[in-house]
Protein chains: 2
Amino acid sequence: MAANSKFAIAIHTMGVLAYMGERHVSSELIATSVSTNPVVIRRIIRKFVTAGLVSVRMGTGGGATLRRPATEISLFDIHSAIEDDRLFQVPHLASDHECPVGRFVRPVLAKVFGGLEVELKSHLQGISLKDVMDEVASEISAEKCSATKNEE
Amino acid sequence: MAANSKFAIAIHTMGVLAYMGERHVSSELIATSVSTNPVVIRRIIRKFVTAGLVSVRMGTGGGATLRRPATEISLFDIHSAIEDDRLFQVPHLASDHECPVGRFVRPVLAKVFGGLEVELKSHLQGISLKDVMDEVASEISAEKCSATKNEE
DNA sequence: GAGTATGTAACTAATGTTGTTACATACTTA
DNA sequence: TAAGTATGTAACAACATTAGTTACATACTC
């Protein structure tokens, strides 16, 4: 599987929770939808719990559910719950570096990248989990429609 | 060194080229400024050459130079020269997936992430290498200024 | 108490990045 | 033409990250 698919898996996971509404969903079931191992899902869900997005119940009939309606969960909430490090890394260079460029490029880059992340953040904040799932739902119903056609 | 510092190293490299103006700069010298190995720099510069941003000369007095003024090179040019894969990966799932969510989340995500990259791209296009180096230059002169003060 | 579900440690495998050595190739200059 | 300089590139090691897996303790329901 590809490199930084964590975000995709995370949204997919939250999508299943949104789709299932009030019901508690097991990591087993989500793993089937995502095509991965239940432990991978549990690791991600742990982070959602920490971030207050999801609550979890053990035992029979247990599993995870959203703590807020999908309209009140943005992709930014999801992203910041799982992604701890920066999008672009700016390795630290000694501030007594011989080369003047080497001494000062990095702080400037940190500023530039910071701007990028603000941009990214505001974009992600504008998209709710519900928005995503509405699109998914419309694709699902489109499929049903064409399936009906084929049955004719 | 940190994970995805490629972009930072790439801008740093281009920054040194911009700083040195017409002169041809060796990978050796750039590596010193970036604090890495010359081969690492050559690998990155190869990509800039392919992208048409930089030209290179072998032999005595050789090295790399910008092919365009720094005002006409954007951070997007640099980013797309070195970064071949997508910012966020959307692993492919079978389209005959049992779970309806599993079947359709991914294409929707591809669309969402596509939007993100367009956003990112336009932001990066708005920043020229010159913009970055102007900030670096002002930091350098600020340093000189305070150094003079200390000598008093 | 039986059954179910999460929490988590430990390990493997795959991948990607960075760093390094070594050497072939190309070019400049004396 | 020979010496010196710089890139091009292959090959490999070191390291970090991610994903996948097994195993088992813990918590909860009925």
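These values consider heavy atoms only, across backbone and side chains, with no hydrogens, waters or symmetry-generated copies. To find a chain, count down the sequence lines: A is the first, B the second, and so on, and within it residues start at 1. Keep in mind it's a predicted model, so treat the numbers as computed, not measured.
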> Of the options A:Val25, A:Ile45, A:Thr65, which is the one that meets A:Val56 in a side-chain contact (heavy atoms from CB on, under 4.5 Å)?
Replying inline: A:Ile45
Roughly, in whole Å, what's the span from [atom1] in [X] to [atom2] in [N]?
X       : N      : atom1 : atom2 : value
A:Leu29 : C:dA5  : CG    : C1'   : 13 Å
A:Ile41 : D:dA19 : CD1   : P     : 10 Å
A:Lys47 : C:dG7  : NZ    : C1'   : 15 Å
A:Ile30 : D:dA19 : CD1   : P     : 16 Å
B:Asn37 : D:dA11 : CG    : P     : 18 Å
A:Ile45 : C:dT8  : CD1   : P     : 13 Å
A:Ile9  : D:dT18 : CD1   : C1'   : 9 Å
A:Ile44 : D:dT18 : CD1   : P     : 11 Å

> Taking it one step at a time, do B:Arg103 and A:Glu139 satisfy salt bridge (charged side-chain N to carboxylate O under 4.0 Å, His left out)?
Replying inline: CA-CA 9 Å; B:Arg103 215 156 43 236; A:Glu139 300 244 14; over 6 Å; no
>> Using heavy-atom distances to pick each residue's nearest nucleotide on DNA chain D, tell me which of A:Arg42 and A:Thr60 is more 5'.
In response: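 Looking at the nearest nucleotide for each, A:Arg42 comes out on the 5' side.
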Check the phosphate of [N] against [X], side-chain N and O only, distance under 4.0 Å to OP1 or OP2. Yes or no?
X       : N      : answer
B:Lys6  : C:dT17 : yes
A:Arg57 : D:dC28 : no
B:Ser5  : C:dT18 : yes

Quick one: [atom1] on [X] to [atom2] on [Y], what's the gap to the nearest 0.5 Å?
X        : Y        : atom1 : atom2 : value
B:Ile73  : B:Phe48  : CD1   : CZ    : 9.0 Å
A:Ile11  : B:Arg106 : CD1   : CZ    : 9.5 Å
A:Ile127 : A:His79  : CD1   : NE2   : 12.0 Å

Which part of the nucleic acid, if any, lies within reach of [X] when heavy atoms closer than 4.0 Å are counted: base, sugar-phosphate only, or nothing?
X       : value
A:Val56 : sugar-phosphate
A:Arg43 : base
A:Val25 : sugar-phosphate

> Checking only heavy atoms, does the side chain of B:Thr36 share a donor-acceptor pair with the base of C:dG19 at less than 3.5 Å?
Replying inline: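 Side chain to base: no pair below 3.5 Å.
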> Nearest nucleotide by nearest heavy atom, which residue falls closer to the 5' end of DNA chain C, A:Ser27 or B:Pro38?
Replying inline: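 Nearest nucleotide further toward 5': that of A:Ser27.
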> Given D:dG8, C:dA5, C:dT18, which nucleotide is nearest the side-chain atoms of B:Met58?
Replying inline: D:dG8
